[in-house]
Amino acid sequence: MEHIRTPKVENVRLVDRISSKKAALGTLYLTATHVIFVENAPDTRKETWILHSQISTIEKQATTATGCPLLIRCKNFQLLQLIIPQERDCHDVYLSLVRLARPVKYEELYCFSFNPKLDKEEREQGWMLIDLGEEYKRMGLPNNYWQLSDVNRDYRVCDSYPADLYVPRSATAHIIVGSSKFRSRRRFPALSYYYRENHASICRSSQPLSGFSARCLEDEQMLQAIRKANPGSDFIYVVDTRPKLNAMANRAAGKGYENEDNYSNIKFQFIGIENIHVMRNSLQKMLEVCELKSPSMSDFLWGLENSGWLRHIKAILDAGIFIAKAVSEEGASVLVHCSDGWDRTAQVCSVASLLLDPHYRTLKGFMVLIEKDWISFGHKFNHRYGNLDGDPKEISPVIDQFIECVWQLMEQFPCAFEFNERFLIHIQNHIYSCQFGNFLCNSQKERQELKIQERTHSSWAHLWKNRAEYLNPLFRADHSQTRGALRLPTAPCSFTHKFWSGMYNRFEKGLQPRQSVTDYLMAVKEESQQLEEELAALGERLEKIQKVQLNRTEVRNKQSEPSKHSGFSTSDNSTANTPQDYSGNVKSFPSRSPSQGDEDSALILTQDNLKSSDPDLSANSDQESGVEDLSCRSPSGGEHAPSEDSSKDRDSDEAVFLTA
Amino acid sequence: MEFSELIRTGQAQAELLRGPEAPPLRGTLCVTGHHLLLSPGPQATPDLWLLLLRSVDSIEKRVAGDCGTITLRCKDLRVLQLDIEGVEATLNIARSIEGLRLGDAWHFHPPERYYKRVARETNAWRLSEANEDFSLCPSYPRAVIVPRAVNDDALALTARFRQGGRFPVLSYHHAPSRTVLLRSSQPLIGPQKRRCAEDEALLRAVLAGSRPGARGFIVDTRSAQTAKQARMTGGGTEAKAAYPGWKRLHRPLERGRPLQESFVHLVEACGDLEQSMDHWLSRLAGCRWLAHVKEALSTACLAAQGMEREGACILVHGAEGTDSTLVVTSLAQLILDPSSRTMAGFQELVEREWIQAGHPFQLRCAHSAFSHARPKHEAPTFLLFLDCVWQLGRQFPLSLEFGEGMLLALFDHAYASPFGTFLCNSEQERCLCEVRTRTHSLWSGLNQLKEQRKLRNPLYVPNPLALWPSVEPQSLRLWQGLFLRWTRPPEPSEAAWEKVWQIVTDQEKTEGSQPTVSASELQL
């Protein structure tokens, strides 16, 4: 509270990003947890809620005649441009938000005050929904080759690893500890996924501290133990997910990669995925392209290419495909690492597991996958997603890239996933929102010390409760293509060039398809289910009627019931949309009034002016009034997805809102 | 000349490779007058593989040892490889295909007349048969819709003032706003700045026949400069002073050679995905195809917006008025008119706005993207239209009754077809060639029951509103179903459509069973 300098500013304008001529007038509120903009328009009073933890950057732009513009960029790719009449108010809002968006201690985060009105028992049950112990059992562990190790109990060996880990039976505590001393941050090789069908496994670790010549007997024994845990293959792959140059540079710092001469029967492989700094800049560049005002097709495509984003996505997918093929087709185990083994390694292991195991393509399985490869293995959520004020160089869209990889696979295999795009978008949202405790901190150890499970709620339970929203109607669990490992294309993925506008432009509703096939099919499915139930009920009633010989009128009343079903078809039509600004900035429809002078040449002039971007163009803006009301973009329908948190958790937020 | 003279070797043993995703086929290869057949041995599948010879765009032959290889690149962008036993046989078959694919095969039924329906919608317009003998305009059909106030003599004079005689005719009447969409060719202004009183009167009559106080916009599909330059060669664009109430808008759309080149480059890029993966997006940008899609779609939206939102009449023309003009008028109708989005309505639209409107299919679709021949008149204008429709369907997946299969079928048939619908360049030519009596209509072919599942959109829900698509680059995608049709594994999307059909038919079944219950109840 003490950070809010001004709780309310009136007559603020929210600028529509695509047609900048449109702006909504309203009031801006700052609360302890949200920024809220309420439009004045009496019939709608549309509200926009932004969680402080979603704010990525705040930019105060030069004051103009109309006021002081404030640009808020969010981590969920929402972009808000506000114009505040008074410079002083703007400054106050700016300073408040700068502070509110960068909490310094965990207790300031929303999840510690968020209360979805669940009792203690329900909350605890929520945390129990995803159980990794169960997951390893599902994989078929422990077995003759793998066992649960207590070597990391109380995080004695490695503080960023989970306490419960699976290691080869032949790896003794001595070997593990020895190996951990030879690995960055003591992240020794441990099991990520076990492929039951052929005993091959995916293991993960950090880079070895090999420098130019160092060796470690225990580390060599560790790798040998992994190989021996797979009787089907006489070698293992060691996959270093870094570009070779980066790995070699690390040798100078006493780190590096495995020397094939020192380890028996390993096949060493580099897969060049760039580091977090390259990825951060790449996303930045791509978002700049998304922000371009009416770009041409080639501006957009060139910009997208230069950002390199899709190339990086492809590199991660290719790495995942390589590992999945090594496991399923060659029957070889794979050890994956990068530098610290918590970013690229997490991406690649989870993509490979997703390709191999249909369970991870279900709703619950996907939660398990993130819990296993990301949360438990110490992916640094706090640093990467900037939950607390920290080093901006640590921030990087690592899990965003994984989520996009999943989306690219969903596009390629529309029947293989139980969940839909919205599920991915909402998970991304929760990773940044800090509304739930799952994605806090940098390691399991930190979360335990903070008593996250006792003090916050689990997002998995929240997502699971609303699972009906996240189902993919096209999911075919029984189909030959979706059972077992996904049948991967023989050619290099010809699908990676798809730009995910559903994520990166998710708040620009006008850019999205106006009708949702997923929602339509779900409605159809639901309706036919209802009809079937009604049919059964009617059948029963019919029998009764025949027995009891009720009078006819009553039957007629019943008969009218089935016809009033959900009516989704009409609601789909209400995605009535309005035309966009198809004319670019050219004044396409000059005013209705007969205009002054030679219109013909005036029109040609304006078009030439456009190319030289003549500032005088704005002078006759009143003439554009015709276009102005045409260019409103936001279609009325499709209230769902984007601001789900703002609308759904309204009642719980209300209290905060009022006290502000 | 008989086809048999062109067939040098009738049969050979061969293996057919159909791209990375389909299994190879072995069997006996036969060349007939119109088709290439491969009949597999008795042990294999009984299916006969068949290829229409006219769909071959280019042939490449190679011999090595006593075997030969023929690579066939088809107009539907498929690439096929035939490995044939015997050098002689290979060369002969290649020559036979070469000779036969160029031959004009004539075997084909008449399409219907669509114009009268449109004419009935409004009073201010009439059906004129002034072009009965194609003397006014060789590329127009016999009957056209013109303002009631304009008589046939005036039409004749207007025709002389427009390139190719394409005087302004009604393309679409938008009943809710009582405005119209017209199309024509450029006026023959020339360096002397000629005028034509009848042409001016015709456009005046259009405004008078619309709602009171209606304005008009002339959407010229060339840049202002190009339009002005056209005066040097006798063309030009309407002078402001001569047409009160009408204003001109220039929306340059690509046509002709550059459009064909874009198409060729795009297909090239899609052909070697492995090489182009690293620079895929810049190659995509470089071939400019999607930029053309964006421009065509925005211009159509502009025209539609002018009618629906501004209550203005719209006249569209470029130079000849047979290419980009038709892209704009047909797309604008799809945006505004719910009935054109049905299965029958869309076929009618293609028939009326493309075939009858005189798009020179024979010239434009002589070759597709693989031909080595120097392109003269080839241009994928119709494909550009189909791509725009596909983009509309992607953004409004529930609002078109036809699916991607329909668009693919139209593309295939425009370039090579056993039906007569897309034959010739104009109605006049089709009459001369007696296409209607001697060939079958594509529409009757498509409307056979067995084709329906392939062509229909199971998700269709009639939508009475206008469809305003987004034309931002983020919203436009490469049409993979067409450009990557033969290189992409088809199974995943087939499985998805199977599921969609299953969900939809499940619902229809339960709904269908409802009345029987009600009926039995009533009998009580």
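Every chain is numbered from 1, with letters handed out A, B, ... down the list of sequences. When reading the values below, keep in mind they use all heavy atoms of this one structure, side chains included, and skip hydrogens, waters and symmetry mates.
- Residue with the most contacts toward chain B among C290(A), P295(A), S298(A): P295(A) (heavy-atom pairs, distance under 4.5 Å).
- Most heavy-atom pairs under 4.5 Å with chain A: of the set P397(B), A496(B), P458(B), this distinction falls to P397(B).
- For chain B, no part of Y504(A) is nearby; none of its heavy atoms comes within less than 4.5 Å.
- Of all heavy-atom pairs between L511(A) and S475(B), the closest is O-OG, 2.9 Å.
- The most heavy-atom pairs under 4.5 Å with chain A, out of L459(B), V471(B), L476(B), V293(B), come from L459(B).
- One finds no salt bridge joining E472(B) and K294(B) here, because no Lys/Arg side-chain nitrogen approaches an Asp/Glu carboxylate oxygen to under 4.0 Å.
- Across Q395(B), R288(B), Q502(B), the residue that shares the most heavy-atom pairs under 4.5 angstrom with chain A is Q395(B).
- Only the side chain of S501(A) comes within contact range of chain B, with heavy atoms under 4.5 Å apart.
- In summary, the side chains of N420(A) and T518(A) do not present any donor paired with an acceptor at a separation below 3.5 Å, with no hydrogens or angles considered.
- Partners of R231(B) under the side-chain hydrogen bond (donor to acceptor under 3.5 Å, both in side chains) rule, at least two apart in sequence or in another chain, do not exist in this structure.
- Among residue pairs with one or both ends in residues 475-484 of chain B, those qualifying as salt bridge (Lys or Arg N to Asp or Glu O under 4.0 Å) are E411(A)-R477(B); sequence neighbours excluded.
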